[in-house]
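To start, the structure under review is shown below, and the notes come after it.
Proteins come first, then strands; the chains are lettered A, B, ... in the order of their sequence lines, and each starts at number 1.
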Protein chains: 2
Amino acid sequence: MTKPRSRRGGGRPTIADVARKAGVGAITVSRALREPERVSEELRRQIQAAVDELGYVPDPNARALASARAEVFGVLVPSLTNNVFAEVVRGIYDSLSASPFRIQLGNTHYSGLEEERLLQVFGSQRPAALIVAGIDQTPASRKLLESAGCPVVQVMETGPDPVDMMVGFSHLDGGRAASEHLIEAGYRRIGFIGARMDPRSQRRLAGYRAAMEAAGLFDPRLVTTTPVLSSVSLGREMFRDALAKVPTLDGVFCNNDDIALGVLFECHRASIAVPKTIGIVGFNDLDMMQVAFPSVTSIRTHRYEIGRRAVAMALAAIAGNRPEQRIVDLGFELKRRESTAR
Amino acid sequence: MTKPRSRRGGGRPTIADVARKAGVGAITVSRALREPERVSEELRRQIQAAVDELGYVPDPNARALASARAEVFGVLVPSLTNNVFAEVVRGIYDSLSASPFRIQLGNTHYSGLEEERLLQVFGSQRPAALIVAGIDQTPASRKLLESAGCPVVQVMETGPDPVDMMVGFSHLDGGRAASEHLIEAGYRRIGFIGARMDPRSQRRLAGYRAAMEAAGLFDPRLVTTTPVLSSVSLGREMFRDALAKVPTLDGVFCNNDDIALGVLFECHRASIAVPKTIGIVGFNDLDMMQVAFPSVTSIRTHRYEIGRRAVAMALAAIAGNRPEQRIVDLGFELKRRESTAR
DNA sequence: GCGGGAAATGGTAGCGCTACCAAATTGGCG
DNA sequence: CGCCAATTTGGTAGCGCTACCATTTCCCGC
């Protein structure tokens, strides 16, 4: 059973082995695998039989080298543990699992420099498409994206100036909607609590500010932010700070649900009535918000769908029919719940 | 400025361009990049200058093809959104970010068949190492892992029969410790609530059962499980079911923290006193458990560290010094909190 | 001064696949 | 019946890199 094996490779079957066994040329095997309609049905069957018998799997490296194009989607997100990006990534994986495309996932840790480095690395692979989170790339990153020679989808946000395509929603509008809701519910001293103030959180804050100023309620002392990574425990601490700073606080808009949950728990602990004494609004609408007691008002965002749409647009562009709508706004939804039902 | 570019490639600089510019042979450039100590300092400097000037980045596909070994870690996890695996994956990414290795991440969706398929795909890339979650691979998957020709690390669990190496802890012991803690705290009608009963949850259940039987407290009606994916809202529903089934329930061990949180919220909603009427223990110890009100007792697991250790062991094996300890048990820690402080 | 070995460098021949073009075969139509 | 075009198949020449071996250079010790 000692097969003759090539000098270097690990002895795995190659396209030449399949071709020999099927009695055809190597190139015909290649075609049968990639564009079956261009090969007669009979040869196709023979080739398939040989493939099955040998357990042949094409070498993606050789394929990428020969075709100057890897079947890889490069995906860049700022965090892997943040549920929001995990959902986007899940949508991407689910949409790509049935395709021949692999995924190269990079974690930028919210760093522009790291993003540049990763784009450099990804670019060297000649990916089939790039999906990046956010619209605030550094000039260098933007240049890398523009010269990548493949479809690029910026996700999570929409903005006026896409590198190529965009899928997301307006964080500014989301922040404004959340804040207006609190105002309409009758809250007046409404604080903003935001951790890890990335560009999207900044825009949510801008939306908050716009709503508050329009209502003549804005006061800089109501705003509490930190660059620290967001967590439930941080939400609790920040809420205590905010309350110490402004004891008359009667509502909070949190830049995400983790923070909101921390606020809710602290209210319980300090016997602060929600929504009577304090109204709470979160952002993203994680599953737990509707289950919390009291349930927490939040801005529902369509993270999974963003991932799916990004892939769909990229695939369309690869196939040659670039979607005419280059900027897709998936919007958001204000979920009114007990935490603001005064 | 029209550079002469090769017929196919996208006109990016190749190793030959660098070699020409530096006035050396291509192979010397290759060596300077991979094993600098084997090239004289002078040539190294010249080469580095040429690399910088041209912006040369090696093509990983060509490299993989020529060396029959890709600088890729294949990573297989059952879920991307479950915080537990997200943390493991984060540990892996952080440990590998400074290395030349890329990561190929696959999502098995808790399916053995999908795992086999992905291992097949990953195998075709000749990865430098494979990291897979769990120890219950199908026989076919196991065979694929054994014949992968690279270091393999099974993570999350420890067991008697590693394919190669293992990093994790005993879920059975964890389940037992959680249950014994409830028993010691004076609870008697202690339920088990478990969603998505994967093999690890099954072993936590076995640990629960062992502890309960040893105390003469086991009753099958106390066990409530479902194959449905875990979530906070599901935890709430399952707790209501459990309570309907056994109204005298006075404690619950949940197979993870999402479920525990759902139970806690339902207790608030139904005005059930925690820990007085019901004691709650979770599993994994997410950040929020210590912030919850009341704070929730949980089994702290070292997910991030598992990811880091797995990479460290794999890198050591690649470098030729395979760690003598092939099975690393990182243990767990019972965090006693208010939810069981009767 | 010379042989021998270590260190540094280069040439050649692929790795497994596909782009490009050529050749062979078939079919339609005037 | 013959010509042209469409369809199907194959050969050749790389893609960009590294393994393997050859060559050159330099230094040491006797």
Side-chain angles (χ1 to χ4, degrees), chain A residues 4-20 22-47 51 54-72 100 123-126 128 149, chain B residues 4-20 22-47 51 54-72 100 123-126 128 149:
Chain A
R5 52 182 58 188
S6 57
R7 189 160 51 86
R8 268 140 76 181
R12 299 155 32 85
T14 73
I15 204 169
D17 298 326
V18 176
R20 208 171 308 121
V24 300
I27 188 67
T28 305
V29 175
S30 175
R31 262 198 292 261
L33 262 31
R34 290 176 302 131
E35 348 169 53
E37 71 284 357
R38 306 228 311 112
V39 174
S40 69
E41 193 176 331
E42 187 184 339
L43 282 194
R44 224 184 314 168
R45 251 202 314 275
Q46 278 172 245
I47 290 170
V51 165
L54 293 172
Y56 169 72
V57 183
D59 182 330
N61 299 119
R63 185 172 268 188
L65 183 59
S67 63
R69 183 54 75 202
E71 292 184 314
V72 169
S124 72
Q125 294 186 66
R126 308 163 176 285
Chain B
R5 53 181 58 188
S6 57
R7 188 160 52 85
R8 270 140 76 180
R12 299 154 31 84
T14 72
I15 203 168
D17 298 327
V18 177
R20 208 171 308 121
V24 300
I27 188 66
T28 305
V29 175
S30 176
R31 262 198 291 263
L33 262 31
R34 290 176 302 130
E35 347 169 55
E37 71 283 358
R38 308 228 310 112
V39 173
S40 70
E41 193 175 331
E42 188 184 339
L43 283 194
R44 228 183 314 168
R45 251 202 314 274
Q46 278 172 242
I47 290 170
V51 165
L54 293 172
Y56 169 73
V57 183
D59 181 331
N61 298 119
R63 186 171 266 189
L65 184 59
S67 63
R69 181 55 74 202
E71 291 183 317
V72 169
S124 72
Q125 293 187 66
R126 307 163 176 284

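Taking all atoms of both residues into account, the shortest heavy-atom contact from A/Pro58 to B/Ser124 is O-CB, 3.8 Å. Nearest heavy-atom pair across A/Gln125 and A/Ala70 is O-CB, 3.3 Å.
Between the C1' atom of C/dA19 and the CG atom of A/Leu65 lies a distance of 12 Å, rounded to the nearest Å. If you take CD of A/Glu42 and P of D/dT7, they are 19 Å apart, rounded to a whole angstrom. In this entry the distance linking CD of A/Gln125 with C1' of D/dC17 reads 15 Å, nearest Å. Rounded to whole angstrom, the span from the CG atom of A/Asp17 across to the C1' atom of C/dC15 amounts to 13 Å. In this entry the distance linking CG of B/Leu33 with P of C/dT9 reads 15 Å, nearest Å. Atoms CD1 (A/Ile27) and C1' (C/dA19) sit 8 Å apart, rounded to a whole Å. For B/Arg20 and C/dG11, the CZ to P distance is 13 Å, given to the nearest whole Å.
Residue A/Arg34 has a polar side-chain atom (N or O) positioned under 4.0 Å from OP1 or OP2 of C/dA19. Regarding contacts with the backbone of C/dT18, a side-chain N or O of A/Ser30 is found under 4.0 angstrom from either OP1 or OP2.
Heavy-atom distances to DNA chain C give each of B/Ala62 and B/Val29 a nearest nucleotide, and the one nearer the 5′ end belongs to B/Val29. Positionally, the nearest nucleotide of DNA chain D for B/Asp59 lies more toward the 5' end than for the other of B/Asp59 and B/Arg38. Of the two residues contacting DNA chain D, namely B/Ala26 and A/Ser40, the nearest-nucleotide position lying further toward the 5' end is that of A/Ser40.
For C/dG10, the base has a donor-acceptor partner in the side chain of B/Arg31 [N/O atoms by modelled type, under 3.5 angstrom].
Between A/Val24 and the options A/Val39, A/Leu43, A/Val18, a side chain to side chain contact (heavy atoms under 4.5 Å, CB included) holds for only A/Leu43.
Among D/dG16, D/dT9, D/dC20, the nucleotide with an atom closest to any side-chain atom of A/Thr28 is D/dT9.
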Verdict with supporting geometry, B/Arg63 and B/Ser67, side-chain hydrogen bond (donor to acceptor under 3.5 Å, both in side chains) = CA-CA 6 Å; B/Arg63 186 171 266 189; B/Ser67 63; over 6 Å; no
